[in-house]
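For reference, the structure discussed in these notes is given below.
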Amino acid sequence: MFVSEVMAQQTPVARVEPVWLTWMARWPTPAALAADPPGEAVRAWGRLGYPRRALRLHEAARAMVQRHGGQVPTQHADLLALPGVGSYTAAAVACFAHGIPLTVVDTNVRRVLARALTGTALAAPALTTAETALATTAMPTDREDALLWNVAVMELGALVCTARTPHCPACPIRATCAWQAAGAPPPSGPARRGQAWDGTDRQARGALLQVLRDATTPVTEPTLAAAWPDPAQRARCLDGLIADGLVEPLSKGRYRLPGTTTH
DNA sequence: AACTCGTGGAT
DNA sequence: TATCCAAGAGT
């Protein structure tokens with residue numbers, strides 16, 4: 001549960017499942033993950049994206065061993081204190097795994113509430129305090145109802161009230177939807193600019209890290225140069241990866257995933 | 001508050 | 001083909 005929530009951060013759930021199955025088979029407990037070096041977590045993360053999440057998940061496992069007896073904590077504050085755990089993940093784990101009726105606000109919930117209650121096509125670019133307050137107000141006070149509400153709103157956003165082409169004819173709350181009542185107006189305000197990709201540091205970091213994930217022995221500079229030819233950008237990104245703890249520099253200009261044993 | 005951080009399926 | 005955008009978090 002904890003692992004799947006972290007994997008699902010900014011990553012489609014369908015793509016998480018196979019990696020999650022492999023991960024849980026290898027590391028069924030926080031202690032098992034904590035006993036392996038962080039580089040193994042980065043390697044097992046595969047191509048899920050945002051590999052710093054793998055590092056934080058490993059750190060979280062070690063924190064659970066140190067502070068929580070090797071268990072996933074149940075208290076919201078304890079969850080929030082773990083690396084890689086923000087407001088969404090803490091609420092989701094406490095609510096879905098432990099039945100604590102916190103308000104779970106993810107991108108789906110934000111979009112559903114924006115349409116159904118506020119009447120706008122899309123939620124704000126980033127989560128606002130107003131959105132959190134709106135969700136808290138909208139959630140039923142009864143515990144069982146609150147748990148069901150969280151699941152229902154999130155599912156509605158994931159399956160019906162989708163971002164691109166919502167299936168309004170099939171929506172169970174269409175009759176009371178503020179956005180429908182307003183005539184389903186298009187998004188107002190400036191269009192959010194898409195994420196650039198070609199030639200970005202993100203692409204470069206991804207290319208370098210893929211080489212290291214696939215390698216069973218330390219990687220040399222020429223091999224990294226083949227993966228990303230631009231010397232200045234390669235050096236900058238490699239430094240960044242090292243600073244992030246995703247790459248471990250060895251002697252003689254060789255590199256590996258942190259802590260991984262090589263032969 | 002605004003940026004940064006991967007990857008790939010869907011449209 | 002290009003764009004969108006995913007059960008966000010950290011700085």
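Proteins get letters first, then strands, A, B, ... in listed order; numbering begins at 1 in each.
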Inset, instruction - Would you indicate which nucleotide in B/dG6, B/dC5, B/dT7 comes nearest to any side-chain atom of A/R53? - result: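 Nucleotide nearest to A/R53's side chain: B/dG6.
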Inset, instruction - Go through C/dA7, C/dG10, C/dG8 for me and flag the one nearest to the A/M154 side chain. - result: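 The answer is C/dA7.
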I'd like the [atom1] distance from [M] over to [N], given in whole Å.
N	M	atom1	value
C/dA7	B/dT11	P	13 Å
B/dC5	C/dA6	C1'	14 Å
C/dT11	B/dT7	C1'	23 Å
B/dA1	C/dG10	C1'	14 Å

[X] [atom1] to [N] [atom2]: how many Å, rounded?
X	N	atom1	atom2	result
A/L127	B/dA1	CG	P	11 Å
A/W45	B/dG6	CH2	C1'	11 Å
A/R236	B/dT4	CZ	P	11 Å
A/Q210	B/dC5	CD	C1'	17 Å
A/L122	C/dC4	CG	C1'	11 Å
A/L246	B/dT7	CG	P	11 Å
A/R205	B/dT4	CZ	P	12 Å
A/E131	B/dA1	CD	P	12 Å

Legend entry - Spacing of CG belonging to A/L102 relative to SG belonging to A/C95, to within rounding of 0.5 Å: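 With rounding to 0.5 Å, CG (A/L102) is 6.5 Å from SG (A/C95).
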Inset, instruction - Nearest 0.5 Å please: distance from the OG1 atom of A/T200 over to the CZ atom of A/R205. - result: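 The distance works out to 10.5 Å.
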Legend entry - Comparing A/A126 and A/P51 on DNA chain B - which has the more 5′ nearest nucleotide: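 Checking each residue's closest nucleotide, the 5'-ward one belongs to A/A126.
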Inset, instruction - Check whether A/V211 and A/I242 end up in the same hydrophobic cluster, where Ile, Leu, Val, Met, Phe, Trp and Tyr are linked by side-chain heavy atoms less than 4.5 Å apart. - result: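 In one cluster: yes.
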Inset, instruction - Indicate if A/V219 and A/V42 have the same hydrophobic cluster label, given that clusters are the connected sets of ILVMFWY residues with side-chain heavy-atom separations under 4.5 angstrom. - result: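 The answer is yes; both residues are in one hydrophobic cluster.
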Inset, instruction - Identify, residue by residue, the members of residues 73-112 of chain A with a heavy atom below 4.0 Å from DNA chain C, and return them in order of residue number, or none. - result: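 A/P83, A/G84, A/V85, A/G86, A/S87, A/Y88, A/T89, A/D106, A/T107, A/N108, A/R111 - these, ordered by number, are the residues of the stretch whose heavy atoms sit under 4.0 Å from the strand.
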Inset, instruction - Determine the contact category for A/R213: base if any of its heavy atoms lies under 4.0 Å from a base atom, sugar-phosphate if only primed atoms, P, OP1 or OP2 are that close, otherwise nothing. - result: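 Counting heavy atoms under 4.0 Å across all strands, the contact made by A/R213 is with sugar-phosphate only.
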Is there side-chain contact between [X] and [Y], with at least one heavy-atom pair below 4.5 Å?
X	Y	result
A/W45	A/W23	yes
A/L57	A/F2	yes
A/F96	A/V151	yes

Inset, instruction - Name the residue closer to the 5' end of DNA chain C, choosing between A/E5 and A/R56 according to the nucleotide with the nearest heavy atom. - result: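 In this pair, the answer is A/E5.
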Using a cut-off of under 3.5 Å, enumerate the N/O to N/O pairs linking the protein to nucleotides 8-11 of chain B.
from	atom 1	to	atom 2	distance (Å)
B/dG8	OP1	A/R47	NE	2.4
B/dG8	OP2	A/R47	NE	3.4
B/dG8	OP2	A/R47	NH2	2.8

Legend entry - C/dG8 OP1/OP2 closer than 4.0 Å to side-chain N/O of A/Q9: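 For A/Q9, the contact criterion (side-chain N or O under 4.0 Å from OP1 or OP2 of C/dG8) is not met.
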Legend entry - Least distance between heavy atoms, A/R15 atom then A/R47 atom: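 Heavy-atom minimum between the residues: NH1-O, 3.3 Å.
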Inset, instruction - Begin from the C-alpha positions of A/T220 and A/Y255 and carry the test side chain to side chain contact (heavy atoms under 4.5 Å, CB included) through to its verdict. - result: CA-CA 7 Å; A/T220 60; A/Y255 304 89; over 6 Å; no
Legend entry - Carboxylate-amine/guanidinium contact A/R254 A/E221, below 4.0 Å: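 The answer is no: the pair does not qualify as a salt bridge.
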